[in-house]
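Computed from a prediction, not measured in an experiment: that's the story for all the values here.
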Amino acid sequence: MEIASNPNTVFSMVHVSLGVAAVLAGAVAFIARKGARAHILAGRLFVASMALSCTLGAILGLVKFETLYITSHAGILAFTLVISGWTTVRIHSRRMARAMRVIGVVNAMNAIALIVAGLRAQAMTDGALFGFPAEDYFFLSAMAGLALVGDAKVLIGKDFSNRNRIARHLWRMCLGFFIAAGSAFTGPGADAFPEAIRHSGLLALPELIIITLMLFWLGNTYFRSGARRQRSV
C-alpha cells in the first residue's frame, strides 16, 4: 500500500526494472554472433526496454532534480543513441536523414545544456551541481557532441556505405549499452551491491569491457572491409 501510494517509488521501480532488462538484453546481443537470430531478438528487446527506461529516467531526473538531475540528460542521450543506432540498419539513408534532423537537434540542445550545467557546477563552491561534479556533465556533453557530429555526417554525406552504416549502428548501440551499464553498476544502481563490492573496483569492469569490445569491433569492421576491397581490386 505504501509503495502504491507513492507514484515516484512506482516510477523508479519501473525505470529500474526496464534498465535491468536492457542490460540483460544488451549482454546477450553483445556476445551473440552478429546477424544471428539471438542477436536480432535481443537487440530488439534492448532497444524497446532502453527507450522506455530512458524516457522514464529523463522524466524522473526532472521530477527529482535535486538528486537525479543528470539522469535526465543521460536518458535523452541514451534514447537518441539507441534509436538512431537501430534505425541505421533498417531505414534507407534518405528516410533516415529526416529522422536525423530531429535527433541532431535534440543532441545539439542536450550538449549545450550539459555544457551550461558543467560550467555552473564549476562555479559552485563544492564543484558540483545537484550532487554531480562538472566532469560528469562535460563527459556526457562530449558524448552528445560526438553523436551530433555523426548525425551531421549523415545529413551532408554523399556516400553512406554499408561499412559506415554497420559502424554507426555498432558504436551507438555500444555507447547506449555503456550508459545503461554505468547506471546499473557505477551509478544509482550501485547501491544495490554490498559495500565491499562497491569499493573493490569490480563494478567498473562491465563499462571497460563494453568500450574495449566496441573499439575491437569497430577496428574489425573497418580493417576487414578495407582488406576485402584490396583483394577485390
Side-chain angles (χ1 to χ4, degrees), residues 18-36 38-39 42-43 45-47 49-51 53-54 57 70-71 73-89 103 107 110-111 114-115 118 132-151 153-154 163-190 192-193 197-226:
L18 288 169
V20 171
V23 170
L24 294 176
V28 174
F30 209 57
I31 63 178
R33 184 172 61 86
K34 304 302 173 280
H39 174 77
L45 178 58
F46 171 72
V47 171
S49 54
M50 271 293 289
S53 179
C54 290
I70 200 171
T71 304
H73 291 288
I76 293 172
L77 174 60
F79 182 88
T80 61
L81 286 172
V82 297
I83 293 300
S84 58
W86 178 71
T87 57
T88 294
V89 294
I103 293 177
N107 281 327
N110 198 25
L114 282 163
I115 292 174
F132 292 91
E135 292 77 10
D136 289 353
Y137 292 104
F138 289 141
F139 176 73
L140 288 179
S141 69
M143 293 179 65
L146 179 63
L148 176 60
V149 171
D151 298 335
K153 288 181 64 176
V154 172
R163 180 186 64 174
N164 290 334
R165 188 186 298 270
I166 294 174
R168 176 186 171 87
H169 168 77
L170 176 62
W171 77 260
R172 289 185 178 240
M173 287 298 200
C174 285
L175 280 188
F177 188 30
F178 174 85
I179 293 174
S183 179
F185 295 107
T186 60
F193 296 90
I197 295 180
R198 292 201 304 269
H199 294 290
S200 67
L202 292 176
L203 296 181
L205 288 179
E207 295 169 83
L208 178 61
I209 292 173
I210 291 170
I211 292 299
T212 301
L213 290 180
M214 181 190 75
L215 294 175
F216 168 77
W217 282 327
L218 282 174
N220 188 49
T221 298
Y222 279 106
F223 288 121
R224 185 176 61 182
S225 298

Mind jotting down which residue pairs meet the side-chain hydrogen bond (donor to acceptor under 3.5 Å, both in side chains) criterion with at least one end in residues 23-33? Sequence neighbours excluded, please.
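Found none.
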
Nearest 0.5 Å, what's the [atom1]-[atom2] distance between [X] and [Y]?
X    : Y    : atom1 : atom2 : value
L77  : I70  : CG    : CD1   : 10.5 Å
T221 : N164 : OG1   : CG    : 10.5 Å
H73  : L140 : NE2   : CG    : 8.5 Å
I115 : Y137 : CD1   : OH    : 14.0 Å
T71  : I76  : OG1   : CD1   : 11.0 Å
N110 : I103 : CG    : CD1   : 12.5 Å

Taking all atoms of both residues into account, what is the closest heavy-atom pair of [X] and [Y], and its distance?
X    : Y    : value
A42  : V28  : CB-CG1, 3.7 Å
R168 : S84  : NH2-CB, 4.0 Å
L81  : A147 : CD2-CB, 4.0 Å

Residues 199-216, side-chain donor-acceptor partners within the protein, below 3.5 Å, at least two apart:
residue, atom, partner, partner atom, Å
S200, OG, I197, O, 2.7
S200, OG, L202, N, 3.3
E207, OE2, T186, OG1, 2.8
T212, OG1, L208, O, 2.8

Of all residues at least two apart in sequence or in a different chain, which pass the side chain to side chain contact (heavy atoms under 4.5 Å, CB included) check with [X]?
X   : result
V47 : I83, W86, M173
A21 : S49
A27 : F177
A32 : A38, H39

Going by ring-ring contact (aromatic ring centres under 6.0 Å, His included), name the residues that satisfy it together with W217, two or more places apart in sequence or in a different chain.
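W217 satisfies ring-ring contact (aromatic ring centres under 6.0 Å, His included) with F30 once adjacent residues are dropped.
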
Once side-chain hydrogen bond (donor to acceptor under 3.5 Å, both in side chains) is applied, do any residues pair with N107, and if so which ones, sequence neighbours excluded?
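Only T80, D151 meet the side-chain hydrogen bond (donor to acceptor under 3.5 Å, both in side chains) criterion with N107.
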
Whether the side chain of S53 engages the backbone of M50 through a donor-acceptor N/O pair (distance < 3.5 Å, no angle test) should be reported.
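No, because the side chain of S53 does not come within donor-acceptor range (under 3.5 Å) of the backbone of M50.
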
